[in-house]
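Written out below as structure tokens is the structure these notes cover.
Chain letters run A, B, ... following the sequence lines, proteins first and then strands; every chain starts at 1. For the numbers below, each heavy atom of this structure counts, side chains included, while hydrogens, waters and symmetry mates do not. Here the structure is a predicted model, which is why all the values come from computation and not from measurement.
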Protein chains: 4
Amino acid sequence: MSSDNILDKIYEKSKLSNKETTKQQKIVEIAIKMFAEKGYANTSTSEIAKAAGVAEGTIFRHYGTKENLLMWVITPFLKDLIPVIAREFIEGIDKDAKSLEEFVRIVIQNRYEFINKNQDIFCIVVKEFLYKDVLIKEFIPYMSNYVLDFIYTTLDKFKASGEIIDLPNPVIIRMILTSVFGYFTMRFLLLKEYNISGKEEEIELLTRFISRGLKAP
Amino acid sequence: MSSDNILDKIYEKSKLSNKETTKQQKIVEIAIKMFAEKGYANTSTSEIAKAAGVAEGTIFRHYGTKENLLMWVITPFLKDLIPVIAREFIEGIDKDAKSLEEFVRIVIQNRYEFINKNQDIFCIVVKEFLYKDVLIKEFIPYMSNYVLDFIYTTLDKFKASGEIIDLPNPVIIRMILTSVFGYFTMRFLLLKEYNISGKEEEIELLTRFISRGLKAP
Amino acid sequence: MSSDNILDKIYEKSKLSNKETTKQQKIVEIAIKMFAEKGYANTSTSEIAKAAGVAEGTIFRHYGTKENLLMWVITPFLKDLIPVIAREFIEGIDKDAKSLEEFVRIVIQNRYEFINKNQDIFCIVVKEFLYKDVLIKEFIPYMSNYVLDFIYTTLDKFKASGEIIDLPNPVIIRMILTSVFGYFTMRFLLLKEYNISGKEEEIELLTRFISRGLKAP
Amino acid sequence: MSSDNILDKIYEKSKLSNKETTKQQKIVEIAIKMFAEKGYANTSTSEIAKAAGVAEGTIFRHYGTKENLLMWVITPFLKDLIPVIAREFIEGIDKDAKSLEEFVRIVIQNRYEFINKNQDIFCIVVKEFLYKDVLIKEFIPYMSNYVLDFIYTTLDKFKASGEIIDLPNPVIIRMILTSVFGYFTMRFLLLKEYNISGKEEEIELLTRFISRGLKAP
DNA sequence: CATGAATGAGACTTCATTCAT
DNA sequence: GATGAATGAAGTCTCATTCAT
């Protein structure tokens, strides 16, 4: 069964493709840890090599470029981050036809698990997002038109039923994303050690905050 | 009358104290622009010097270190960012004894202006915040106990009157800050060019979103 | 058989441990020459690199710091300089129970050879000694208590037998060292080219000068 | 009455010549202190300017070059160091026709006072001596033929009377100088703080050491 | 005369990347 | 495939010196 942890996936992928070495695993593992901790720009390939117990040349043999290594680490995360939201979105609504609140809860729970399991990569992505337009451009296409259309019609339904406020869809989506990613950033980057309350409770609070904030007046 | 724009303040300060040179102004101006655009780590002092039409040594004659230059640019911004929020908070509530919604609106409006006028520095601060613990440590003391106490008692009052949900104060504050700064980050960093709607309207939406989200059930 | 020349030792050490490269040897060789000639502070790493036919980065890949390179060159010399004196001292006296004169002669001869073979490094050490307290601190511990004790009791014996003047031991030692190193400095640094007389004769003169100077009245 | 302290002399000289400013005095004073403490190469003109309370340009207005400032500081010291030895030498012998020991004593005492009063400049000279051949070349001519001739004939006289060992004059002079300057260097540079015994006693010991060391067998 | 802002050459150092072994 | 020595471009920073004010 395929794990939710990106690292595992990378391992699987590479095992399938080309008799992935332990060394490659180690490189990726260490790179993730160091990029997350000190940032991509402040981590040198020689540090990674040393920490991974590998010759510096080996990194370049496998990944060609430092930037390539970053992408190798980030891409599967990005691929999973939004598409799964979308699928979840669709399935969550389809199956249960629940309220917005219920839906938001499911999404947040799901993403919480995902990010919690990949905290380091999340760190990297957030930090690099601010610098590299490339990342944003690579990110957007995953938000396919099909999915967007579905989200739009769903939101329209909620708006029609008077459950949520009547605002343009992009505005609503932006509000949800801002709140959710704002929360995750604070939770997993800035206040890592401050554990105000339990996971379940925090998710519940955030869910209520968002769904109430979007309620029709 | 002292402007709200940090750049102006730096100019004023230096004009008053050291007979600041045109070159120094140029250096700071260019540094802000480049740090914001490419990030502190990815901007070299030689680039700054060249763009400012100045010898590289001149930068170091005045600021000693590249990091010093960053601080010179960031510090007044940080000094203004939170304390003013706090003062506004106190005064806004005191004067008008209005609802939470009214208060949130005032704060957001005020901060919107401030950040709008100092977009570049805001960019720099957000980006560096994720890397440098130093910044956070320099930031926190401005949130004085006096202010925090006031905020706490105010929130308690709102909770007592049943206007807002009964949650621990740190949780409420965190939610507000997350939403507000999440919004600003999206607005001024990530989606600079996407102007979904007018400024007034956006502030209004965010205000309602937050104050409703915190309403008692 | 291990040579008395430090350069040889460095080569041996590195050949044994790290498969030392020709380039590394060349770097050390050139560094010694240039440090000796122009002084550590007045020799740039780029000069060394150019003269050694190596990229400047190569120096730092191996030695990390310019100061490290200096230490790499100096340390084995310092390690040998005094301890060997001490051992010689002990053995020389022990074996033959000869007069002070005989002992001084042995020591000077031995040190003459040593410094003669490592003239350049001696130059470096003398010059840097005056600037860096670090060096002195690294130097002193080699003068172990055991050795000092032995020297003291030996000098006491000479004093008891009436062969040498009755002065505090530190004073006597200081006089010997001052004369010997004063001589070496003049011989190998200041008047390199002036060869007043043959080596054997000079040693003999210095020996007599010191041993007579210390004779009891 | 003309002082023995070089600083005073520089002051006098400059007062006589060109309405010497307090600033120039301060510059020289500070330069001496800093060159002595940290070495010429490790002292920057900006440091000197700051410590002297003077603009950096002022230094160059007066002395043109950093090296010039060094020379301005060193030259009068050098001029006094040896010539006075020579004069003393001549007069000491002439007047009292005493033994070598008496003569050596007078010279050492005299030089001790001189160097003691100008410790900082002595430090500078010793340190720079090792680097700059220029200094040596500037130094030698002061040892005039007339003086040398006198020393030679005097030494010859002592040798003829059987008081001192029969060695070539340069060898004898070198031995004396080596011992004396070796002692001064140890006393005023390396072991500044270690005061083994009183000044008078140390001079006496050194005098006896040298004169005995040179005695005919 | 004095100032100090400005300069620019050059110092030390880092690091992604290449390539012979 | 793996290694790690070597590279060289680029980065931060220092400092003696100049020159307009």
Check the distance between dA16(F)'s C1' and Asn68(D)'s CG and give it to me in whole angstrom.
13 Å
Nucleotide dG1(F), atom C1' - distance to CD1 of Ile59(A) in whole Å:
15 Å
Atom-to-atom span, CZ of Phe60(B) to C1' of dA11(E) - whole angstrom:
13 Å
Let's test this: given Watson-Crick or G-U wobble pairing with both distances under 3.5 Å, identify the partner of dT21(F).
dA2(E)
By nearest-heavy-atom nucleotide on DNA chain E, the more 5' of Gly64(C) and Ser46(C) is Ser46(C)
Among dA16(E), dG8(F), dC15(F), which nucleotide has an atom closest to any side-chain atom of Ser44(D)?
dC15(F)
Identify the nucleotide, in any strand shown, that forms a Watson-Crick or G-U wobble pair with dC12(E), with both distances under 3.5 Å; if there is none, say none.
dG11(F)
Residue pair Ala49(C) / Ala55(C): nearest heavy atoms and the distance that separates them:
CB-C, 4.1 Å
5' precedence on DNA chain F between Glu47(B) and Val54(A) (nearest-nucleotide basis)
Val54(A)
Tell me: NZ of Lys38(D) to P of dC15(F), nearest whole Å?
8 Å
What I'd like to find out is whether the side chain of Thr45(A) reaches to under 4.5 Å of the side chain of Phe60(A), using heavy atoms alone.
yes
How far does the C1' atom of dT21(F) sit from the matching atom of dC1(E), given to the nearest Å?
13 Å
Can you figure out which of dA16(F), dT17(E), dA6(F) approaches the side chain of Lys66(D) most closely?
dA16(F)
In terms of the nearest nucleotide of DNA chain E, which residue is placed more toward the 5' end: Arg61(C) or Lys23(B)?
Lys23(B)
Rounded to the nearest 0.5 Å, what's the gap from CG on Leu189(C) to CD1 on Ile124(C)? Could you check?
10.5 Å
Can you tell me how far P of dC13(F) sits from CD1 of Ile48(B), to the nearest Å?
11 Å
Does dA6(E) have its OP1 or OP2 closer than 4.0 Å to a side-chain nitrogen or oxygen of His62(B)?
yes
Rounded to whole Å, how long is the line connecting atom CD of Glu67(D) with atom P of dT17(F)?
9 Å
Given side chains that start at C-beta, do those of Tyr63(C) and Leu70(C) come closer than 4.5 Å, heavy atoms only?
no
For Phe35(A), run the side chain to side chain contact (heavy atoms under 4.5 Å, CB included) check against Val125(A), Asp120(A), Ile74(A), Ile48(A) and tell me which one passes.
Ile48(A)
Is any side-chain nitrogen or oxygen of Thr45(D) closer than 4.0 Å to OP1 or OP2 of dC15(F)?
no
Between dA6(F), dG8(E), dA2(E), spot the one nearest the side chain of Thr58(D), thanks.
dA2(E)
From CD of Glu56(A) across to P of dA16(E) the rounded distance in Å is 7 Å
Distance check needed: dC1(E) C1' versus Ile27(D) CD1, whole Å only.
12 Å
Which part of the nucleic acid does Thr43(D) contact within heavy-atom distance under 4.0 Å: base, sugar-phosphate only, or nothing?
sugar-phosphate
